[in-house]
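Contents: one structure, followed by commentary.
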Amino acid sequence: MERAESMRHDATTSGDQAFGAVIVKDGRIVGQAPSRVVVNTDPTGHAEMEAIRDASHRLGRADLSGCEMYSTSRPCAMCETAAYWAGISGLYYGSDVTSGGRPRYRSC
C-alpha cells in the first residue's frame with residue numbers, strides 16, 4: 001500500500017486526480033500507476049486501469065490470475081470489472097488496507 005500511496009503522490013504532483021494503484025504477484029510489484037485521467041485526457045485512465053495495463057505489459061499477458069491489486073481508494077465499477085476480467089484474485093484499498101475480496105463483475 002505504501003507504493004500505491006507513492007503513486008497517488010505522483011498523480012497529484014503531475015496535476016492529476018489523487019489516486020494510485022499497484023498490482024502484486026508473489027509479493028513482488030508487477031504493475032503500478034498513478035491516475036492519468038487529466039494528464040492523458042483519458043476518462044479510462046484511472047490508476048487501477050493503468051496499473052492493470054502496466055502489469056499486463058510487464059508480464060506479457062492479459063491474464064493476471066494470482067495477482068492482487070492495492071489501491072488508494074475503493075475501485076469504481078469500471079476498475080473492479082476490469083480487475084475481474086483480468087483474473088485478479090483480490091482487492092485491497094485505503095490506508096487501513098481494507099479487503100475488498102475478489103473482484104466482481106459490476107454493471108457500469
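Atoms considered below: every heavy atom in the structure, side chains included; atoms not considered: hydrogens, waters and symmetry mates. Counting begins at 1 with the first residue of the sequence.
Between Ser56 and Ala62, the closest heavy-atom pair is OG-CA, 3.9 Å. The two atoms that bring Ser89 and Gly66 nearest to each other are OG-N, 3.2 Å, heavy atoms only. Across Ser35 and Gln17, no two heavy atoms sit closer than the pair CB-O, 3.4 Å. Contact record, Glu48 with Ser71: OE2-OG, 2.6 Å, taken as the closest heavy-atom pair. Contact detail for Asp16 and Val39: the closest heavy-atom pair is OD2-N, 2.9 Å. The minimum heavy-atom distance between Ala47 and Ala33, with the atom names listed, is CB-O, 3.6 Å.
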* Test Phe19 against His46 for side chain to side chain contact (heavy atoms under 4.5 Å, CB included), laying out the working first. => CA-CA 8 Å; Phe19 300 104; His46 293 197; over 6 Å; no
* To do: Output, in order, the C-alpha distance, side-chain angles, deciding distance and verdict of side chain to side chain contact (heavy atoms under 4.5 Å, CB included) for Asp42 and Arg36.
  => CA-CA 7 Å; Asp42 178 0; Arg36 293 187 179 123; over 6 Å; no
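Taking Ile, Leu, Val, Met, Phe, Trp and Tyr as hydrophobic and joining them when side-chain heavy atoms fall under 4.5 Å apart, one finds Val30 in a cluster with Ile23, Ile52, Leu59, Leu64, Met69, Ile88, Leu91. Cluster partners of Trp85 are Tyr84, Tyr105, counting Ile, Leu, Val, Met, Phe, Trp and Tyr whose side-chain heavy atoms approach within less than 4.5 Å, directly or via other members.
How far SG of Cys76 is from CE of Met49: 8.0 Å, rounded to the nearest 0.5 Å. Between Cys79 atom SG and Arg74 atom CZ the span is 11.5 Å, to the nearest 0.5 Å. Note: Met7 CE to His9 NE2 = 10.5 Å, rounded to the nearest 0.5 Å. Between Tyr92 atom OH and Met1 atom CE the span is 10.0 Å, to the nearest 0.5 Å.
No side-chain heavy atom of Asp10 sits less than 4.5 Å from a side-chain heavy atom of Gln32.
The closest donor-acceptor contact from the side chain of Thr41 to the backbone of Val38 lies at 3.5 Å or more, if one exists at all. Put simply, the side chain of Glu80 never gets that close to the backbone of Pro75: no donor and acceptor are under 3.5 Å apart.
Side-chain contact of Arg3 with Ser6: a donor-acceptor pair under 3.5 Å is present, judged by distance alone.
Under the rule for a side-chain hydrogen bond (donor to acceptor under 3.5 Å, both in side chains), the partners of Asp63 that lie at least two apart in sequence or sit in another chain are Ser65.
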